[in-house]
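For reference, the structure discussed in these notes is given below.
Whatever order the structure lists them in is the order used to number ligands and atoms, beginning at 1. Everything numeric here is computed off the predicted structure, so don't read it as measured data. Note that the numbering runs from 1 along the sequence shown for the chain.
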Amino acid sequence: MAERPVYPATWGGNPSPEVNEARFQKLFDEAHAMAIQGYLPDGTVVYWNHASEQMYGYTAEEALGGNLLDLIIPQDLRQVVAAGVRWMFENGRGIPPGRLRLRHRDGHRVAVYSSHTIVTVPGQPPVLFCMDADMTELERAESELRIAATAFESQQGMMITDAQGVILRVNQAFIRLTGYSAEESVGQTPRLIQSGRHSADFYGAMWRGLLATGHWQGELWNRRKDGEVYAVWVTISAVADDTGRVTHYVGTQTDMTQHKAAEAKILHLAFYDPLTQLPNRRLLLDRLEQAAGSSPRNQSAGALLFLDLDNFKTLNDTLGHDIGDLLLQQVAQRLTACIREKDTAARLGGDEFVVMLEDLSPRLEEAANRAEVVGNKILAALNQVYRLNEHEYVGSVSLGITLFPSQGSSVEALMKQADLAMYGAKAAGRNSLRFFDPQMQEAVTLRAALMSGLREGLSKREFRLFYQPQVDSGGRLNGAEALVRWQCPVRGLMLPDEFIPLAEETGLILPLGQWVLETACRQLVAWAAQPHSAHLSLAVNVSVHQFNRADFVDQVLATIKRTGANPRRLKLELTESLLAKSIDEVGAKMAALKAHGLGLVLDDFGTGYSSLAYLKRLPLDQLKIDQSFVHDLLVDPNSVAIAQTIIALGRTMGLGVIAEGVETAGQRELLARLGCHAYQGYLFGRPVSPEAFEQLLVCQ
Ligand code: C2E
Ligand code: CA
Ligand code: CA
């Protein structure tokens, strides 16, 4: 047991007034943080202890004899203080203590808690004693508390727990967020709001993080009082005391529900087609990557189906985009109905849809069979009548299928394969289905190579014009047809059938055709310079694409002018496909050419469907009987009839007639008997180089 302290004797009993006086004097003088001053009724300072010196910045020497109001009372308080002082002396007692903000010598305000008392000693004037306690620290603490309290009531849900996790306090936002009142929450643990969506492991990791670093943050699913699960961003901080021992945890949670909704919306926009709600190309490629990219071993094969609506553009153009959109939406619904949950139907854009069938069978053949079954189901479903507002529509689709995984085929390659197969299906006729086969791929690769080769060939001048003789009934050479050849460094000498169609598709026919025309003109000029060849005419083939150009006539005329060729020796061979365009337009161009002396030949005549009424309105010079009829003349009476009709037609219309592909004397004789006296064909000469043609002329 601790011993009781022994007080000096002088503290007990009744000390003498002198002792008392000295004792209190010392006490007053040395009292820490308690500024004590004495004032006379007029405010004159008669006492100023050490703490006053500290608090107000005046030494006792400076303060004594000075005036209260001048020294420490700020201007705005002087009247009040003067009145208070007066009141206290009049009433002989102090006013109740209170907070004041007085003035330090350097001008700053000093927060004090001030008590007052009037001390009256007989025979002496009364003195007002003021005892001021410094409130600066206290006020700072108070304001910090206020800030903390305001912060605590922020928009974030907050809770404070003790070290054991028992909730001590929650704020209003917490109450709003969770639906639990303060009474319901305090005393509970945060388990109150756990959603059950996170595993014990998850919470274990959270606690380990919290203990190790004193901090944790992350996304959590919590549960409201009404049972609704919501997403929050949570931060938890441990509060430790001086010794580092955790005393509290402060947890904040920010509602993420709206973020989540926005996130989901953005996700949806990024990965789904807004019109049909089907996955878009991005998502499809993503899923395909996963399905086709995973290890081919022990993997079940899947299929990629490419669909293209036949005639969709026509529907769009005739009934409008709104109706087109309706169709696309219904197609999407039907597609989705045809496939399993784990399959994907996606829209690539326009009228292109892709279906990805996963996990069909480990055996490729069986997978192909199953894909075909689904494909046929889709064809049948999409072939049903569509009701598009007041319109009824029957559509068909072309469907291409490729299987995956396939050796070394990237996702892009797979898409390409299915696309190719789809084009194969389209070419095979409406509403059909095609599997991709590697030959298709080869053809495409070849085509691509040919295309770049053509372009290069044009700039490297790899093309040549060959000339095939044209003769009259006496066998005299009176002209030639110019036939283009491509001296390809890789493939050798190429015939036009191998590259003209591609050149037409790619537009390369325009520069190529121009080159042919120019070369033919120069040849005419060369022939004109020699007496034995000056009479020759030259026929040049003109593709529809060239002829349809608005500036075609100008280009031809400019070329003739530039080369100096005689237009009367130049013939243009046109085909009946030309007549698909407006007859007026075609007729006007022909007339313009003819006005400059050019000859116009209708090539391959008899194979097209040109109406004779049309023919009459065109300023033609010559009809060329197609070689297919000439070829069959001696074996097919029908061909004879056709040849006969053409010859008769030419005669009535005043047009010349030439037969091409004449290979035998028999054919020539029959033609002559029918009334055709101009010929071209192997019987008279094959297409040959300009040098060889020169030889022919000389030998004549
Ligand atoms: P085309 O205008 O009908 O040309 C006649 C084709 O028949 C030529 O084939 C010619 O070599 C071939 N031929 C000529 N006589 C006989 C014969 O007695 N028997 C057989 N079996 N064939 C014969 P080529 O040169 O391969 O040209 C094929 C087609 O390419 C041409 O058919 C023409 O449509 C097109 N073409 C050729 N040169 C050009 C050109 O410079 N521009 C354009 N746009 N097309 C051209
Ligand atoms: Ca021709
Ligand atoms: Ca021809």
Side-chain angles (χ1 to χ4, degrees), residues 454 457-458 462-471 477 479-487 492-523 537-549 552 555-556 559 570-578 599-608 610 620-634 642-643 646 657-668 671 676 678-690 692-693 696:
L454 258 183
L458 211 60
E462 291 167 4
F463 291 92
R464 310 189 61 193
L465 265 197
F466 273 32
Y467 300 95
Q468 184 176 32
Q470 295 181 334
V471 300
L477 207 160
E481 178 179 2
L483 294 160
V484 70
R485 300 289 181 263
W486 178 17
Q487 188 63 56
L493 190 72
M494 303 256 289
L495 293 175
D497 290 339
E498 297 173 274
F499 61 85
I500 291 282
L502 188 62
E504 289 183 329
E505 255 176 72
T506 54
L508 282 172
I509 191 68
L510 298 177
L512 179 60
Q514 178 56 34
W515 177 85
V516 168
L517 187 65
E518 186 131 3
T519 310
C521 284
R522 293 194 193 289
Q523 187 63 63
S537 67
L538 188 50
V540 171
N541 293 285
V542 172
S543 148
V544 196
H545 300 267
Q546 285 172 273
F547 189 87
N548 281 342
R549 298 284 295 195
F552 176 69
Q555 276 203 10
V556 172
T559 309
L570 185 62
K571 294 198 265 184
L572 300 184
E573 293 201 358
L574 309 167
T575 56
E576 288 170 277
S577 53
L578 210 74
L600 299 171
V601 183
L602 201 54
D603 200 357
D604 304 339
F605 191 64
T607 56
S610 46
L620 291 166
D621 297 281
Q622 197 177 42
L623 300 178
K624 201 171 196 181
I625 304 174
D626 188 66
Q627 51 182 294
S628 60
F629 308 123
V630 176
H631 184 264
D632 295 343
L633 267 185
L634 300 179
I642 292 173
I646 295 174
V657 175
I658 182 170
E660 69 176 336
V662 181
E663 295 184 350
T664 65
Q667 288 166 346
R668 185 196 51 189
L671 284 164
C676 173
Y679 320 101
Q680 181 186 336
Y682 292 172
L683 180 62
F684 312 98
R686 296 187 171 244
V688 292
S689 67
F693 193 81
L696 270 178

### Query
Taking just the N, O or S atoms of Asp603, which one is nearest to the Ca ion (ligand 3)?
OD1

#### Entry: N/O/S atom of Asp626 inside 3.0 Å of the Ca ion (ligand 3), strictly under
no

### Message
Suppose I only count heavy atoms of Gly681 and a 4.0 Å limit; which atoms of ligand 1 are within that range?
### Response
15 (N), 18 (O)

### Query
If we ignore angles and hydrogens, is there a donor and acceptor under 3.5 Å between the side chains of Gln680 and Gln470?
yes

### Message
Quick one, Glu660 and Val630 - any side-chain contact, counting heavy atoms below 4.5 Å?
### Response
no

### Task
Consider ligand 1: state whether an atom of it lies below 4.0 angstrom from any non-hydrogen atom of Gly513.
no

### Message
Under 4.0 Å, heavy-atom basis, I'd like to know which part of His545 is in contact with ligand 1: side chain, backbone, both or neither.
### Response
neither

### Task
Ignoring angles and geometry beyond distance, decide whether Glu504 reaches within less than 3.5 Å of ligand 1 through its nitrogen or oxygen atoms.
no

#### Entry: Any N/O pair Asp603/ligand 1 closer than 3.5 Å
yes

### Query
Where the Ca ion (ligand 2) is the centre, what is the OE2-to-OD1 angle for Glu481 and Asn541, rounded to 10°?
90°

### Query
Measuring to the Ca ion (ligand 3), does Glu573 have an N/O/S atom at a distance below 3.0 Å?
no

### Query
Out of Leu495, Leu465, Asp497, whose heavy atom sits nearest atom 28 (C) of ligand 1?
Asp497

### Task
Of the side chain and backbone of His631, name the one, both, or neither that has a heavy atom under 4.0 Å from an atom of ligand 1.
neither

### Message
Nearest 10°: the angle subtended at the Ca ion (ligand 3) by Glu660 OE2 and Asp604 OD1?
### Response
100°

### Query
Can a non-hydrogen atom of Arg686 be found less than 4.0 Å from any atom of ligand 1?
no

### Message
If we check side-chain contact (heavy atoms from CB on, under 4.5 Å) with Tyr467, which of these qualifies: Leu483, Leu696, Leu538?
### Response
Leu538

### Task
Measure the distance from atom 19 (N) of ligand 1 to every protein heavy atom, then report the residue, atom name and distance (to 0.1 Å) of the closest one.
Glu663 OE2, 2.5 Å

### Task
Heavy-atom contacts with Asp604 under 4.0 Å: which atoms of ligand 1 show up? List them by number with element.
3 (O)

### Query
Does the protein put a heavy atom less than 4.0 Å from atom 34 (O) of ligand 1?
no

